[in-house]
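I have placed the structure first, in the form of structure tokens, so that the comments after it can refer back to it.
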Amino acid sequence: MKSRRLGQSAIHVSDICMGTMTFGSQADEATAFRVLDRCLDAGINFFDTAEGYPVPPDVKWVGRTEEIVGRWLKTRNRDAIILATKVSGPSHVWFKSPCRGGMTALDRHHIRKAIEDSLTRLQTDYVDLYQTHWPDHDAPYDEMMDALDELVREGKVRILGCSNESSWGLMKALAASEKLGISRYHTIQNNFSLNNRRFEDELAQVCRQEGVSLIPYSPLAGGVLSGKYQGGAKPEGARFSRYLQMEGRQAAMGRRFVNDKTLAATERYLKIAEEAGLHPVTMATAWSKQHDFVASTIVGVSAYEQLDPILDAMELVLSEEVMKALDRVGKDILYPMG
């Protein structure tokens, strides 16, 4: 397993990170423990969670995932594990954060309350990477970064990161940290996959120039790149099978991930994988890791058996021929030039 540095920090992580958002909903605790054990045994030392997990968020479930991770963590050598979690951010985001009654903002009070609650659930006295889950563009970045810096100075947090942030927001935060001479963001956790390459438009340049690492989530585009939605299929229990039967934001998200363009692109990707003798999940995961601005790709499973093709990507480097073929699909179908 290769290791990479998180931004400009001293922390090195495996280039695959196990995400935990299904633990406590789609995956029960026994399954979660089996998954975590196998990942650690395979060389993965980086694990990501959040105060708002599991997904879909529900006030009855808040903190359940961190509690599961915390019980597992007590059985392992804490210093051998790089643990990341998140403070939810503003309550007006699409998933309507249930944390602290839904009235959540990235101010000093909520940040302090969030980390204390997370540390209790995780049964540890520090987290290695603490991330703002959703940006709060209405809050003063100076106050937010100063509040986060307090946690670093107190030893509750080693380094800081953000998630679902824009290039404007990332630069605003970095500028605030530089002006105040305090801790900065070392990572950004955003959606990035073969079916969603918008990160490359601006944020990739910011990462390269400012020394920030991307920790991409959803490298399988919510499971679409596995091929399970091809031909109009709606697999039972799959996230977008549920979302496409709902209304509002969930339905909109389902259509954004599962539509004529993404399915047409996935059809081409599946053929490329077959010709290369690769499982499509293995190929998509390896592609995500194969970018200079990426530190570690977050993967997730709801069943133990789903781990095999993911772990097969650990040492895989896609050939230049395969990379070019994958790029052509994006240019032909997803992002055609006028």
Side-chain angles (χ1 to χ4, degrees), residues 4-9 11 13 15 17 19 48 50 84 86-95 97 104-107 111 129-149 159-219 221-222 249 252-253 256-257 262 287-298 327 330-331 334-338:
R4 298 176 183 174
R5 185 187 298 271
L6 292 180
Q8 298 178 354
S9 78
I11 297 179
V13 296
D15 61 7
C17 170
D48 178 78
K86 312 178 194 74
V87 51
S88 286
S91 58
H92 59 265
V93 296
W94 75 268
F95 63 83
S97 170
T104 307
L106 290 177
D107 62 4
I111 289 171
L129 171 62
Y130 198 48
Q131 304 155 103
T132 50
H133 204 155
W134 293 89
D136 190 351
H137 291 158
D138 296 326
Y141 271 78
D142 286 11
E143 178 186 348
M144 179 186 72
M145 296 309 299
D146 189 54
L148 291 168
D149 177 67
I159 64 170
L160 304 171
C162 59
S163 181
N164 300 300
E165 185 57 281
S166 64
S167 55
W168 176 87
L170 178 54
M171 287 303 302
K172 186 80 171 176
L174 293 173
S177 293
E178 183 174 1
K179 179 180 72 173
L180 298 173
I182 59 176
S183 302
R184 75 196 302 264
Y185 283 150
H186 287 284
T187 64
I188 179 170
Q189 184 181 144
N190 277 32
N191 191 299
F192 182 59
S193 73
L194 281 164
N195 275 354
N196 179 9
R197 300 183 63 166
R198 289 175 296 175
F199 194 91
E200 294 173 306
D201 293 344
E202 293 182 357
L203 276 163
Q205 181 181 3
V206 174
C207 284
R208 292 185 180 110
Q209 295 297 119
E210 299 296 331
V212 176
S213 295
L214 172 63
I215 308 173
Y217 69 82
S218 201
R249 294 181 182 272
M253 172 174 271
R256 188 164 70 248
F257 277 80
T262 61
W287 177 89
S288 176
K289 298 190 303 151
Q290 210 159 312
H291 293 79
D292 61 351
F293 50 84
V294 170
S296 184
T297 293
I298 299 178
D327 282 346
K331 293 174 182 176
L334 297 171
Y335 307 103
M337 300 298 291

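Taking 4.5 Å as the limit, some side-chain heavy atom of D48 sits within range of a side-chain heavy atom of Q131. Contact annotation: the side chain of S218 never approaches that of S193 to less than 4.5 Å [non-hydrogen atoms, C-beta and beyond].
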Exercise. Verify side-chain contact (heavy atoms from CB on, under 4.5 Å) between M144 and D107, making sure each step is shown before the conclusion.
Key: CA-CA 6 Å; M144 179 186 72; D107 62 4; over 6 Å; no
Quiz prompt | Residues C207, F199; criterion side-chain contact (heavy atoms from CB on, under 4.5 Å); working and verdict | solution = CA-CA 10 Å; C207 284; F199 194 91; 3.6 Å; yes
Practice problem: Decide side-chain contact (heavy atoms from CB on, under 4.5 Å) for R198 and N191; before the verdict, give the C-alpha distance in whole Å, the side-chain angles of both, and the deciding distance to 0.1 Å. | Solution: CA-CA 9 Å; R198 289 175 296 175; N191 191 299; 5.7 Å; no
Quiz item: Could you walk me through whether I11 and I159 pass the side-chain contact (heavy atoms from CB on, under 4.5 Å) check?
Solution: CA-CA 9 Å; I11 297 179; I159 64 170; 3.9 Å; yes
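Applying the ring pair (Phe, Tyr, Trp, His ring centres under 6.0 Å) criterion to F192, with sequence neighbours excluded, gives W287, H291, F293.
The distance from atom CG of D149 to atom OG of S177, rounded to the nearest 0.5 Å, is 7.5 Å. In this structure, OG1 in T262 is found 7.5 Å from CG in L334, a value given to the nearest 0.5 Å. Put simply, CG on D15 and OG1 on T297 are 7.0 Å apart, with the number rounded to the nearest 0.5 Å. The structure places NZ of K86 at 12.0 Å from SG of C162, a figure rounded to the nearest 0.5 Å. Rounded to the nearest 0.5 angstrom, R4 CZ and D292 CG are separated by 9.5 Å.
For residues 176-197, the pairs satisfying salt bridge (charged side-chain N to carboxylate O under 4.0 Å, His left out) are D142-K179, R197-E200, R197-D327, with sequence neighbours left out.
Shown here for N164 and H133, the closest heavy-atom pair between the two residues is ND2-O, 2.9 Å. Of all the heavy atoms in L106 and A139, the pair that sits closest is O-CB, 4.3 Å. Across every non-hydrogen atom of Y217 and S163, the tightest pair is CE2-OG, 4.5 Å. Scanning all heavy atoms of the two residues, the minimum distance from L160 to S183 falls at CD1-CB, 3.8 Å. When all heavy atoms of I298 and P219 are compared, the closest pair comes out as O-CD, 3.0 Å.
Not a single donor-acceptor pair under 3.5 Å links the side chain of T187 to the backbone N or O of S213. Side-chain N or O atoms of D136 include none that pairs as donor or acceptor with a backbone N or O of P90 at under 3.5 Å. Side-chain atoms of N190 come within 3.5 Å of backbone N or O of E165 as a donor-acceptor pair.
Of the N and O atoms on the side chains of D201 and Y335, not one donor lies less than 3.5 Å from an acceptor on the other residue. E210 and H186 form no side-chain donor-acceptor contact under 3.5 Å, judged by distance and modelled atom types alone. Y185 and T132 form a side-chain donor-acceptor contact under 3.5 Å, judged by distance and modelled atom types alone.
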Using residues 166-175 as the side-chain source, report each donor-acceptor pair under 3.5 Å to any protein atom, sequence neighbours left out, with the distance given to one decimal.
| residue | atom | partner | partner atom | Å |
| --- | --- | --- | --- | --- |
| S166 | OG | G169 | N | 3.0 |
| S167 | OG | E202 | OE1 | 2.7 |

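The 12-atom threshold is exceeded at CZ of R5, counting heavy atoms of other residues, nucleotides or ligands nearer than 6.0 Å.
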